[in-house]
Number of protein chains: 2
Amino acid sequence: MSTADLTEQEYLASYNIHAFDVPLTSVDLVIFTVREQALHVLLVQRGAHPAKGQWALPGGFIDVRRDVDLDATALRKLREKTGVSAPYLEQLQGFGSSTRDPRGWSATFAYFALIGSDQIELQHGAGADAACWHSISEHGADIDLAFDHAMIVATAVQRLRNKVEYTSLPAHLLAEEFTLSDLQRVYEIVLGRPIDKSAFRKRVKEGDFLEEITGKQRHGSNRPAQLYRIRSGQPTVFFSRTMGA
Amino acid sequence: MSTADLTEQEYLASYNIHAFDVPLTSVDLVIFTVREQALHVLLVQRGAHPAKGQWALPGGFIDVRRDVDLDATALRKLREKTGVSAPYLEQLQGFGSSTRDPRGWSATFAYFALIGSDQIELQHGAGADAACWHSISEHGADIDLAFDHAMIVATAVQRLRNKVEYTSLPAHLLAEEFTLSDLQRVYEIVLGRPIDKSAFRKRVKEGDFLEEITGKQRHGSNRPAQLYRIRSGQPTVFFSRTMGA
DNA sequence: TCAATAGTGTCTCTGAGACACTATATT
DNA sequence: AATATAGTGTCTCAGAGACACTATTGA
């Protein structure tokens with residue numbers, strides 16, 4: 001009996017994925033934060049084959065029993081590595097080829113996440129691999145990574161820098177409460193160039209993705225600064241034009 | 001002997017992908033063209049289970065023996081359906097969940113392609129499924145598609161409309177030789193609103209992604225128009241600002 | 001009073017959009 | 001000449017950037 005004569009029910013009953021050569025499919029994360037005046041990516045040292053001992057992006061296989069979709073896999077991996085559960089997370093791009101993994105044809109859904117500089121406590125123990133924050137220089141990560149992860153990081157950095165030009169994304173790289181000067185500093189760190197204060201504030205105000213924490217200010221040995229937080233239910237704002245010189 | 005004690009060689013020799021529950025992984029294409037003053041997507045009618053008889057996006061499984069990477073799979077599928085081999089092709093986004101395919105956990109790398117209105121001869125015969133161009137209305141494709149393909153099309157349309165605002169992409173939707181008025185018409189069709197001629201031409205000239213075909217003009221019962229082609233080796237130009245009202 | 005940072009006001013210049021104009025073919 | 005489309009010139013207005021100014025705290 002040929003497949004063409006089956007009902008959908010019968011077809012599904014006879015279907016067996018293991019009869020085919022399928023690619024390995026995983027999810028990898030590029031997790032960014034800002035610390036010590038620089039952009040950093042989270043790397044883990046592989047504790048198992050292949051590429052044992054090399055630095056790599058956190059990630060792993062889709063758990064077809066527990067993960068309802070790709071985002072769920074990414075969120076699970078993120079939680080396992082950082083303990084953070086609701087940061088900014090967006091799918092970056094797929095990477096797949098016959099050569100990127102020695103085990104065979106493999107494809108990965110790369111995600112990129114932004115987490116606040118106050119949430120960078122890494123998870124240790126419980127069989128977790130060694131993890132560290134690695135700083136991004138001018139030209140991306142300058143370290144040998146396992147598989148094609150160096151290319152994935154480069155793509156993510158490019159995407160982040162590009163999006164910073166015209167979105168409110170960098171706000172997710174800060175602690176929950178921050179001043180406008182804090183925010184401007186993050187933009188400058190990610191972009192790698194200074195921004196005019198006046199123009200910056202005009203744009204931020206116009207974007208309207210922040211809310212004043214009324215009555216709360218940060219004090220130092222100078223004029224106190226108003227504290228802000230990201231307006232809830234306000235995902236990413238697109239500015240009308242590119243972030244100033 | 002535990003995995004931890006193996007060399008990488010030994011580990012790879014013992015590795016068997018079929019020992020794991022892996023998701024189905026495919027590549028699907030959203031192929032756009034412009035014809036009859038409207039944006040169209042290529043759909044195929046499924047000739048096999050699952051979703052037999054329903055309209056769906058062209059696509060299929062990665063051939064781990066023939067395809068070197070994801071782009072190769074996408075190009076192969078594109079060639080099989082349209083006969084076109086070197087158009088504009090870009091990865092759109094991954095879609096994966098336990099419910100999108102009745103066969104089980106499945107993930108797809110969606111691509112989107114733009115092909116010229118002179119190259120829309122569809123491939124028939126050779127076991128090809130029925131195929132048709134389906135027009136995109138104001139709000140996307142308004143037709144029931146198999147799996148989650150309606151969502152994929154909606155995402156692709158959104159991405160296309162968005163990119164049209166600030167890139168030279170629509171030039172790939174035209175025949176090889178075209179006039180500036182042709183190009184403007186395509187922008188207007190994709191965006192769904194009129195554009196000022198003068199502003200449009202200023203931007204296109206500034207973008208510098210076209211070259212005049214010297215001495216070649218299109219004639220009608222009016223002033224003849226200069227013909228242009230896409231400057232070779234000029235992929236996508238990003239305009240400084242958003243495409244005018 | 002000074003140092004240091006927060007926050008605002010103003011000017012200029014560029015570039016997008018609106019719109020009217022000129023140009024050149026066919027009929 | 002009329003018509004139809006190609007292609008250009010000019011004016012206005014908004015917004016970004018530059019930069020200088022004022023404000024407010026602690027030391």
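Here is how names work: the chains are called A, B, and so on, in the same order as the sequence lines, proteins then strands, and each is numbered from 1. Side-chain atoms are counted along with the backbone in the values below, which use heavy atoms only and exclude waters and symmetry mates. Just so you know, these numbers come straight off a predicted model, no measurement behind them.
Here the nucleotide nearest the side chain of B:T179, chosen from C:dT27, D:dA6, D:dT24, is D:dA6. Among C:dA25, D:dG7, D:dA18, the nucleotide with an atom closest to any side-chain atom of B:L180 is D:dG7. Which of C:dG17, C:dA25, D:dT25 sits closest to the side chain of B:A199 comes down to C:dG17.
Comparing B:N222 and A:N222 by the nucleotide of DNA chain C that holds the closest heavy atom to each, the one mapping nearer the 5' end is A:N222. Two residues, B:R185 and A:G220, neighbour DNA chain D, and the one matched to the more 5' nucleotide by heavy-atom proximity is B:R185.
Judged by distance alone with a 3.5 Å cut-off, no donor-acceptor contact links the side chain of B:S198 to the base of C:dG17. With hydrogens and angles left out, the side chain of B:R223 and the base of C:dA25 share no donor-acceptor pair within 3.5 Å. At a cut-off of 3.5 angstrom, the base of D:dG7 holds at least one donor-acceptor pair with the side chain of B:K197.
Close to D:dG7, at under 4.0 Å from its OP1 or OP2, lies a side-chain N or O of B:R201. In terms of phosphate contacts, A:K205 brings a side-chain nitrogen or oxygen within less than 4.0 Å of OP1 or OP2 of C:dT8. Here A:S181 reaches the OP1 or OP2 of C:dA6: one of its side-chain N or O atoms lies under 4.0 Å away.
As judged by a 4.0 angstrom heavy-atom cut-off over every strand, B:Q217 is placed among residues making no nucleic acid contact.
Checked against a 6.0 Å centroid threshold, the rings of B:F95 and B:F147 do not count as neighbours.
For B:D196 and C:dG15, the CG to P distance is 17 Å, given to the nearest whole Å. The distance between atom CD of B:Q184 and atom C1' of C:dG17, rounded to the nearest whole Å, is 13 Å. Taking atom CZ of B:F200 as the reference point, atom P of C:dA16 lies 13 Å away to the nearest angstrom. The OH-C1' distance, from B:Y187 to C:dA16, rounds to 16 Å in whole Å. Remark: C1' of C:dA6 and CD of A:E212 are 13 Å apart, rounded to the nearest angstrom. Atom NE2 of A:H219 and atom P of C:dT5 are 16 Å apart (whole Å). Distance CD (A:Q226) to P (C:dT5): 19 Å, rounded to an integer number of Å. Atom CG in A:L227 sits about 14 Å away from atom C1' in C:dT5, given to the nearest Å.
A donor and an acceptor atom, one from each side chain of B:T73 and B:D67, are located under 3.5 Å apart. With hydrogens and angles left out, the side-chain atoms of A:Y228 and A:D182 include no donor and acceptor closer than 3.5 Å.
Look at A:K216 and A:E176 and you find no salt bridge, because none of the NZ, NE, NH1 or NH2 atoms lies under 4.0 Å from a carboxylate O.
Ring planes of B:Y88 and B:H172: tilted class, angle from 30 to 60°.
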